[in-house]
Amino acid sequence: THQWRGIIEEYRDRLPVTAVTPVVTLLEGGTPLVPAQLLSERTGCDVYLKVEGANPTGSFKDRGMTMAISKAKEAGAQAVICASTGNTSASAAAYAVRAGMVCAVLVPQGKIALGKMGQALVHGSRILQVDGNFDDCLDLARGLSEKYPVALVNSVNPARIEGQKTAAFEIVDALGDAPDIHVLPVGNAGNITAYWKGYQEYAADGISTRAPRMWGFQAAGSAPIVNGAPVRQPQTIATAIRIGNPASWKFAEAARDESGGLIEAVTDRQILSAYRLLASREGVFVEPASAASVAGLLKAAEEGKVDPGQRIVCTVTGNGLKDPDWAVAGAPQPITVPVDADAAAERLGLA
Ligand code: F0G
């Protein structure tokens with residue numbers, strides 16, 4: 001059979017699992033690496049999109065969650081907990097169902113996209129909306145996991161990073177070597193940490209000849225790493241990365257510095273512009289936070305920081321269907337027509 005087996009079976013020898021680890025999977029990973037026509041044209045480079053919205057619950061979190069839930073199950077946990085801006089909770093909720101575990105999620109009140117809330121609900125997780133931001137939720141989740149019998153599945157759990165590093169493996173496996181530059185949105189900074197680990201492992205074992213420069217982009221109103229200080233009241237329309245004190249801050253800086261990369265900010269306007277461009281020109285519908293990578297690449301290109309001829313991969317982290325409000329907002333209402341071909345043709349400009 002040629003069915004993709006999920007990241008644990010595909011990369012078993014590179015992950016901390018043994019023959020007795022129960023594999024809890026929805027066959028995540030194996031996501032498309034799509035050549036980006038317009039972005040390649042605009043930058044003079046070969047740009048690819050790693051479309052992580054194609055994962056089972058619609059984001060890259062599934063790569064980490066298959067590992068975190070499998071390891072929690074192996075350790076005998078009956079319940080898991082996470083803080084989330086939405087995607088982690090959606091993923092944890094689904095994988096907990098597969099594992100027969102209880103899932104508790106803490107989300108910042110009023111600041112998670114409706115689709116993600118729907119996922120957590122439909123998978124039967126226990127949701128608490130916290131009167132605070134993501135950073136408060138993570139503090140609370142950590143405290144609960146220390147005091148009560150519930151396993152923490154945020155990216156501070158090393159199993160999460162191990163799972164998420166497989167995206168870097170897939171890219172090298174597909175391209176035959178590492179790209180020159182890898183571009184990512186940065187929130188809690190787990191994913192940039194994971195990609196850097198994956199790229200370094202492949203380079204160390206000679207599977208790639210090098211590791212890429214890591215370029216991370218935060219939303220301007222939630223850019224603690226760029227500012228060099230935590231942001232107490234992080235703001236951005238990209239709710240997935242509305243984070244003021246990233247847990248993997250130091251690891252993100254290490255990825256940046258060791259790779260000769262950068263971590264910069266993009267404005268909400270630049271994020272939404274990239275979001276629309278991806279949908280209207282590349283045919284790839286992502287959620288706003290995901291577009292921060294592409295917004296960052298375009299900003300860097302405009303500033304003359306992108307030498308032509310390079311191979312560049314942008315991770316687009318989550319599916320646009322999770323947060324469709326931004327697709328509908330400001331768009332004209334579809335016109336209503338009678339059941340009449342001539343009238344429809346006229347409205348479509350065909351007649
Ligand atoms: N993009 C999306 C769609 C996300 O959901 C997240 C993080 C990121 C990017 C940033 O990744 O945190 O590893 O730097 N979402 C977390 C959550 C915080 O709770 O779903 P990161």
Worksheet item: Is it true that Glu201 and Lys197 make a salt bridge, defined as a side-chain N closer than 4.0 Å to a carboxylate O?
Response: yes

Worksheet, complete the sentence: Across all chains, not counting sequence neighbours, the side chain to side chain donor-acceptor pair (under 3.5 Å) partners of Gln109 are none

Worksheet item: For Asp205, which residues count as a side chain to side chain donor-acceptor pair (under 3.5 Å) partner, sequence neighbours excluded?
Response: Arg14

Worksheet item: Mind checking who shares a hydrophobic cluster with Tyr95, ILVMFWY linked at side-chain heavy-atom distances under 4.5 Å?
Response: Val24, Leu26, Met65, Ile69, Val80, Met101, Val153

Discussion item. One thing to verify: whether Lys116 and Asp323 come together as a salt bridge, which I'm taking to mean a side-chain N less than 4.0 angstrom from a carboxylate O.
Written reply: no

Per-pair distances, 0.1 Å, donor-acceptor, side chain in residues 288-301, under 3.5 Å, sequence neighbours excluded:
| unit_1 | atom_1 | unit_2 | atom_2 | d |
| --- | --- | --- | --- | --- |
| Ser290 | OG | Thr317 | N | 3.2 |
| Ser290 | OG | Thr317 | OG1 | 2.8 |
| Ser290 | OG | Gly318 | N | 2.7 |
| Ser290 | OG | Gly318 | O | 3.4 |
| Ser293 | OG | Ser290 | O | 3.0 |
| Ser293 | OG | Thr315 | O | 2.9 |
| Lys299 | NZ | Glu264 | OE1 | 3.1 |
| Lys299 | NZ | Ala265 | O | 3.3 |

Discussion item. Can a donor-acceptor pair be found, under 3.5 Å and without considering hydrogens, that links the side chain of Gln164 to the backbone of Phe60?
Written reply: no

Item to complete: May I have all residue pairs that pass salt bridge (Lys or Arg N to Asp or Glu O under 4.0 Å) and include part of residues 231-240, sequence neighbours excluded?
Response: none

Worksheet, complete the sentence: Sorted by chain and residue number, the side-chain contact (heavy atoms from CB on, under 4.5 Å) partners of Ala104 (sequence neighbours excluded) come out as Ile81

Practice prompt. Could you pull out all residues at least two apart from Asp135 that satisfy side-chain contact (heavy atoms from CB on, under 4.5 Å)?
Written response: Asn133, Pro234, Ile243, Asn245

Item to complete: Kindly determine whether Glu287 and Asn87 satisfy side-chain hydrogen bond (donor to acceptor under 3.5 Å, both in side chains), including the steps that lead there.
Response: CA-CA 11 Å; Glu287 64 169 291; Asn87 282 322; 2.7 Å; yes

Item to complete: Take Asp46 and Ser40 through the side-chain hydrogen bond (donor to acceptor under 3.5 Å, both in side chains) test and state the conclusion after the steps.
Response: CA-CA 5 Å; Asp46 282 328; Ser40 297; 5.0 Å; no

Practice prompt. Indicate yes or no for a side-chain donor-acceptor contact from Ser248 to the backbone of Phe251 under 3.5 Å, with no hydrogens or angles considered.
Written response: no

Practice prompt. Scan side-chain atoms only and decide if Asn55 and Glu52 contain a donor-acceptor pair under the 3.5 Å cut-off.
Written response: yes

Worksheet entry | Sidechain-backbone polar pair: Gln235 side chain, Ala220 backbone, donor-acceptor under 3.5 Å | no

Practice prompt. Identify the heavy atoms of Phe134 and Arg242 that sit nearest to each other, and give their distance.
Written response: CB-O, 4.0 Å

Fill in: Test item: Trp196 side-chain N/O and Ala211 main-chain N/O as donor-acceptor pair under 3.5 Å
no

Item to complete: Name all residues meeting the side chain to side chain donor-acceptor pair (under 3.5 Å) criterion together with Thr166; count only those two or more places apart in sequence or in a different chain, and write none if there are none.
Response: Arg63

Worksheet entry | Lys50 vs Thr31, side-chain hydrogen bond (donor to acceptor under 3.5 Å, both in side chains): CA-CA, chis, key distance, verdict | CA-CA 7 Å; Lys50 183 65 170 162; Thr31 55; 2.9 Å; yes

Practice prompt. Return the set of residues passing side chain to side chain donor-acceptor pair (under 3.5 Å) with Thr85 (not counting sequence neighbours), or none when no residue passes.
Written response: none

Worksheet item: Any idea how Tyr11 and Phe169 line up, ring-wise: parallel (<30°), tilted (30 to 60°), or perpendicular (>60°)?
Response: tilted

Worksheet item: Distance-only, no hydrogens or angles: does the Thr88 side chain make a donor-acceptor pair with backbone N or O of Ser84 under 3.5 Å?
Response: no

Fill in: Minimal non-hydrogen separation, Pro246 against Ala189, with atom names
CB-CB, 4.1 Å

Worksheet item: So which residues get pulled into Ile127's cluster when ILVMFWY side chains under 4.5 Å apart are joined, directly or through others?
Response: Val105, Val107, Ile112, Met117, Leu121

Fill in: Short side-chain to backbone donor-acceptor contact, Asn157 and Ala68, under 3.5 Å
no

Worksheet item: Other than Val328, which residues form its hydrophobic cluster under the rule that side-chain heavy atoms must be closer than 4.5 Å?
Response: none

With a cut-off of 3.5 Å and sequence neighbours excluded, list every side-chain donor-acceptor pair involving residues 334-351.
| unit_1 | atom_1 | unit_2 | atom_2 | d |
| --- | --- | --- | --- | --- |
| Asp340 | OD1 | Asp342 | N | 3.1 |
| Asp340 | OD1 | Ala343 | N | 2.7 |

Discussion item. Is it the case that the side chain of Arg210 and the backbone of Ala178 share a donor-acceptor pair, with hydrogens and angles ignored and the cut-off at 3.5 Å?
Written reply: yes

